[in-house]
Amino acid sequence: MTPQLTQSRPAQQAAASLPQRRSRWTGRTRRDFFVFLALALPNLILIAVFTYWPLINNIYYSTLDWTLGSATATVVGLGNYVTFFTDPGSADVLRVTLLFTVATVGGSMVLGLLMALALNRKIPGTTFARSAVFAPYVLSGVGVGLVWLFIFDPVYGALSWVLRGIGLASPQWINDPQLAMVMVIVVYVWKNLGYCAVVYLAGLQSLPKDVLEASALDGAGAARRLWSIGLPLLSPTTFFLLITTLLSSLQAFDILKIMTPSGRGTNTLMFESYLQAFGGYNRAGYSAAVSVVLFVILLVVTVVQMRFVEKKVHYS
Amino acid sequence: MSTTTSNPAATADRATAASVERGNGPFARNNLTATLAGGYMPLILATLIVFLPLAWMALSSFKQPGEIVTTDLHILPQAPSFENYAEAARRAPFARFFLNSVIVTTIGAAVKCFLAIITAYALVFVSFPFKRLLFVLILVALMVPPQVAVLPNYILISSLGGQNTYWGIILPGLGTAFGTFLLRQHFLTLPGSILEAAEIDGAGHWRRLWSIVAPVSAPSIATVALVTVVSEWNDYIWPLIITNNTNMMTLPVGLTFLSNSDSSSQAWGVLMAGAVVVILPILLVFAMLQRYIVTGLTQGSVTG
C-alpha cells in the first residue's frame, strides 16, 4: 500500500493546479488501468490473433495462386475470384448453397413452429418433451450423421426396410447427388428443429393472453388466431430465428462432411472451401477466395440483422 | 371439441382452472380421448422423431455383424454383446480418441470459462478508456464465423509446430466472445451495493471478483461452462484439419477416420458403437443439466 500512497500524493497535488482531464489520472484510475489490462488482455489478444488476424490473412491468401504446403506462391490478384465466378462448377456450388440454406432454414423454422405449438399445452410431460426435442441440437454432428447414414443405407438401413415393407425399393441416397442433398437436408433439419421449437415456444408463451382470449371470444378458430394474431406478434422471434438459422446453415459442415465426404451434390460454399484446401486439391489461395465470398454473404446477413434490430428493439 | 384441445395454451390456463372445478378437466372421461388425441399424440410423435434414431443407434451397437448385414430386420439385438465396441478399439485407438476428447474439452472449457469471467468482470467493474469500443470488438468477434478462419489458423499453427499436439488443437479456440458477452450481460444486472461494501472493507478487484461476483453469478457461469463443454466436445473442423496422427485425434475426427478406413457395410455395428461413445456423454450431461444449456444456447432470443 505504501508505494501507491507516495505515488498518488504528487498526482493529487498536481490535480489542484491542472485541468480536469489530468486530475482523473489518480492512483485509483491508474491501478484500474493495469488491472483491466491484466484481466482482459489475454482474451483480447487471443481474439485478435485467432479471429481478426485470420480474416485479414484470408483476404491476402485469396490473392495468391498457392498450393497448400508449398513454400512459394504467385500473386494473382483477383484471379481466384475470376476463376470462381466464371467456372461452371461454381454455379453448382452457389445453387447447392442456396438450396441447402433455403430448405434447412425453412424446414427447421416451419417444423419448429409446429413442434412449439404441440408443446405449448398445459399438460404433464411437456417439459420432458421440450428437453427431448432440443437434445439433437447439442449432439455431435459427426455422431448424428453416422447414425442417419446407417438408417439411409440402401440395403441394410432401417429406412430401406420400411420402404420394402410398403413395396418400394430404396433409392441410392448416397450415390445420387440430388438424393444426397435431400438426405443431408433431412438430417440437418432433424438436428436443428428443436432449437427453433424451443425459441418459438418461449415466444408463444410471452404472447399477451388477453388479445388471444378476446379473439377467441369473438369466435376466431385456433388456426385463424395463429395466422392473423399469433404469427404477426411472433414476428420478432421469427426474424431472430431466420437470422440465426441462416447464419448456421451457411456454415454447416459436420453433417455434410461425414455423410457425403466427396461433396458431390452437397458442396456448399463452406464445404467447397474446405474441399479445395484440405480435400485433396490443396488449392489454398482458391479456398481462401471461396471463404471470402462466404464471409461477405455472412457479413451482409449480419449487417441486415443489426440495422433491423437497431430499429425494432431497445436495449435498456 | 373440448376447450383444452382446440385452443392454444394461451387460454388453457383459465380453461383448466374452470374445468377442474366443474369436474371435467383434461383427464375427465369425456375429455380424456380428446386430450390424448389432440395433446399427447403430437407430443409423443415429436419425442419419437428424436428418440427413434438414437435408440436405433444404441440397439445396433449391441448387435452381431450377422444381424446388421441382413435384410431380415430384428429390432432388438438377439444376443447383445460389446463385440462392436471391442472391434472399434481394435480398428482404431478408440480409448485414445476418448482420452484426447476429454483432455481437449477439459482444458479448453476451463481456460475459456476463466477468461470469460475475468474479461467480463473487467468490462463491467474496472474503469478503462475505450471500454465500449473493446466490447464492440468482442461482440463483432461473436459474429465472425470461426469456419472462415480455419485456413489461416492452420497455416499459423502448423508453422509453429502445433500439428498433432494438444496445444495446437486447443489454442486457436481459446479466445471467448460468447462467454464474455453472456457474463457481461449478467454482471451488469448485479446491484452495485454488494461491491461497495467490499470496497469499503478494502477488498481489491481480485478478491471482489472471486468472493462476491463469481459466487452470486454461479448459474450464469454454469451456463457458460456447459455450453463451452458441449461445443468443445463436438468441435469438428479444427481438430480434423490440425491432426492426422490417429493418436492425437479427438472422437469426432477418430470416427471420421474409422468410417473412411472401412467403407464396407460390415462396419455399421462398429460405427454405431463409435457414435454411442461420442453422443452418450453429452446426452447424459444434457439430461442432467439441460436447464442451463437450453438457456445458454437460446440466449438472445428474448432481446432480438
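Throughout, protein chains are lettered first and strands after them, A, B, ... in sequence-line order, and every chain is numbered starting at 1.
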(request) Would you please test Thr256(B) and Tyr236(B) for side-chain contact (heavy atoms from CB on, under 4.5 Å) and show each step? (result) CA-CA 10 Å; Thr256(B) 312; Tyr236(B) 184 45; 2.8 Å; yes
(message) Shorter than 4.5 Å, heavy atoms on both sides: which option in Pro129(B), Ala116(B), Pro252(B) has the most such pairs with chain A?
(response) Pro252(B)
(message) Please classify the contact of Leu55(A) with chain B as side chain, backbone, both or neither, using a heavy-atom distance under 4.5 Å.
(response) side chain
(message) Taking every non-hydrogen pair under 4.5 Å, which of Val230(B), Thr47(B), Ile237(B) racks up the most with chain A?
(response) Ile237(B)
(message) Please classify the contact of Thr126(A) with chain B as side chain, backbone, both or neither, using a heavy-atom distance under 4.5 Å.
(response) both
(request) Against chain A, label Val253(B) side chain, backbone, both or neither, depending on which of its atoms sit under 4.5 Å from a heavy atom there. (result) neither
(request) Can you tell which part of Leu45(B) gets under 4.5 Å to a heavy atom of chain A, answering side chain, backbone, both or neither? (result) neither
(message) Is there a side-chain contact between Tyr200(A) and Thr238(A) in this structure, where contact means two heavy atoms from C-beta onward sitting under 4.5 Å apart?
(response) yes
(request) With a 4.5 angstrom heavy-atom cut-off, could you sort out which part of Leu188(B) is near chain A: side chain, backbone, both or neither? (result) neither
Could you pull out every donor-acceptor pair under 3.5 Å between side chains of residues 250-258 of chain A and any protein atom, sequence neighbours left out?
unit_1: Gln251(A); atom_1: NE2; unit_2: Leu247(A); atom_2: O; d: 3.1

(request) Tell me whether the guanidinium CZ or amine NZ of Arg208(B) lies under 6.0 angstrom from the six-membered ring centre of Phe125(B) and within 45° of its axis. (result) no
(request) Quick one: which of Phe128(A), Phe134(A), Trp148(A) has the most heavy-atom pairs under 4.5 Å with chain B, could you say? (result) Phe134(A)
(message) Given heavy-atom pairs under 4.5 angstrom as the criterion, report whether the side chain, backbone, both or neither of Leu68(A) touches chain B.
(response) side chain
(message) Taking atom CZ as the centre, does Arg164(A) end up with more than 12 heavy-atom neighbours from other residues, nucleotides or ligands that are less than 6.0 angstrom away?
(response) yes
(message) Can you tell me which portion of Trp233(B) sits under 4.5 Å from chain A's heavy atoms? Options are side chain, backbone, both or neither.
(response) neither
(request) Heavy-atom distances under 4.5 Å only: say whether Trp53(A) touches chain B with side chain, backbone, both or neither. (result) neither
(request) Measure the shortest side-chain to side-chain distance between Asp153(A) and Tyr156(A) over non-hydrogen atoms and say whether it is less than 4.5 angstrom. (result) yes
(message) At a 4.5 Å cut-off on heavy atoms, which part of Phe278(A) comes close to chain B: side chain, backbone, both, or neither?
(response) side chain
(message) I'd like to check Tyr52(A) versus Val140(B) (side-chain heavy atoms, cut-off strictly below 4.5 Å). Are they in contact?
(response) yes
(message) If I measure from the heavy atoms of chain B, does Leu44(A) come under 4.5 Å with its side chain, its backbone, both, or neither?
(response) side chain
(message) Less than 4.5 Å apart, side chain to side chain, heavy atoms only: is that true for Leu37(A) and Phe128(B)?
(response) yes
(message) If I measure from the heavy atoms of chain A, does Ile44(B) come under 4.5 Å with its side chain, its backbone, both, or neither?
(response) neither
(message) If you define the side chain from C-beta out and look only at heavy atoms, does anything of Val111(B) sit under 4.5 Å from Thr176(B)?
(response) no
(request) Select one option (side chain, backbone, both, neither) describing which atoms of Tyr60(A) are under 4.5 Å from chain B's heavy atoms. (result) neither
(request) Could you check if a side-chain atom of Ile155(B) sits within less than 4.5 angstrom of a side-chain atom of Trp66(A), using non-hydrogen atoms only? (result) yes
(message) Using a 4.5 angstrom heavy-atom cutoff, name the option from Leu43(B), Ile282(B), Ile293(B) with the most pairs to chain A.
(response) Leu43(B)
(message) Quick check: do Thr119(B) and Ile138(B) have side-chain heavy atoms less than 4.5 Å from each other?
(response) yes
(message) Quick check for you: among Ala177(B), Ser231(B), Gly274(B), Ala46(B), which has the greatest number of heavy-atom pairs under 4.5 Å with chain A?
(response) Ala46(B)
(request) Identify which of Tyr121(B), Trp56(B), Phe51(B) forms the greatest number of heavy-atom pairs closer than 4.5 Å to chain A. (result) Trp56(B)
(request) Let me know if Pro281(B) has heavy atoms under 4.5 Å from chain A in its side chain, its backbone, both or neither. (result) neither
(request) Pick one of side chain, backbone, both or neither for Thr180(B), based on which atoms fall under 4.5 Å of a heavy atom in chain A. (result) side chain
(request) Look at Asn57(A), Leu41(A), Thr51(A) and state which one has the largest set of heavy-atom pairs under 4.5 Å with chain B. (result) Thr51(A)
(request) Could you check which of Gly157(A), Ala158(A), Pro42(A) has the highest count of heavy-atom pairs closer than 4.5 Å to chain B? (result) Ala158(A)
(request) Against chain A, work out which of Ser158(B), Ala275(B), Ala122(B), Gly173(B) has the most heavy-atom pairs shorter than 4.5 Å and name it. (result) Ala122(B)
(request) Rounded to the nearest 0.5 Å, what's the gap from NZ on Lys112(B) to CG on Leu174(B)? Could you check? (result) 7.0 Å
(message) Given heavy-atom pairs under 4.5 angstrom as the criterion, report whether the side chain, backbone, both or neither of Leu171(B) touches chain A.
(response) both
(message) At a 4.5 Å cut-off on heavy atoms, which part of Val133(A) comes close to chain B: side chain, backbone, both, or neither?
(response) both
(request) For chain B, find which of Ala197(A), Ala277(A), Ser131(A) contributes the most heavy-atom pairs closer than 4.5 angstrom. (result) Ser131(A)
(message) Report which part of Tyr61(A) has an atom under 4.5 Å of a heavy atom belonging to chain B: side chain, backbone, both, or neither.
(response) side chain
(message) Would Ser60(B) and Trp268(B) count as a side-chain contact (heavy atoms from CB on, under 4.5 Å) here? Give the steps.
(response) CA-CA 8 Å; Ser60(B) 306; Trp268(B) 281 128; over 6 Å; no
(request) Could you tell me which portion of Leu115(B) (side chain, backbone, both or neither) has an atom closer than 4.5 angstrom to a non-hydrogen atom of chain A? (result) both
(message) Can you confirm whether Leu139(B) sits close enough to Phe135(B) that some side-chain heavy atom of one is under 4.5 Å from a side-chain heavy atom of the other?
(response) yes
Without placing hydrogens or testing angles, list every side-chain donor-acceptor pair under 3.5 Å for residues 287-299 of chain A, not counting sequence neighbours.
unit_1: Ser287(A); atom_1: OG; unit_2: Ser273(A); atom_2: O; d: 2.8
unit_1: Ser291(A); atom_1: OG; unit_2: Ser273(A); atom_2: OG; d: 3.0
unit_1: Ser291(A); atom_1: OG; unit_2: Ser287(A); atom_2: O; d: 3.1

(request) Look up atom CG in Leu283(B) and atom OG in Ser140(A), then write down how far apart they are to the nearest 0.5 Å. (result) 12.0 Å
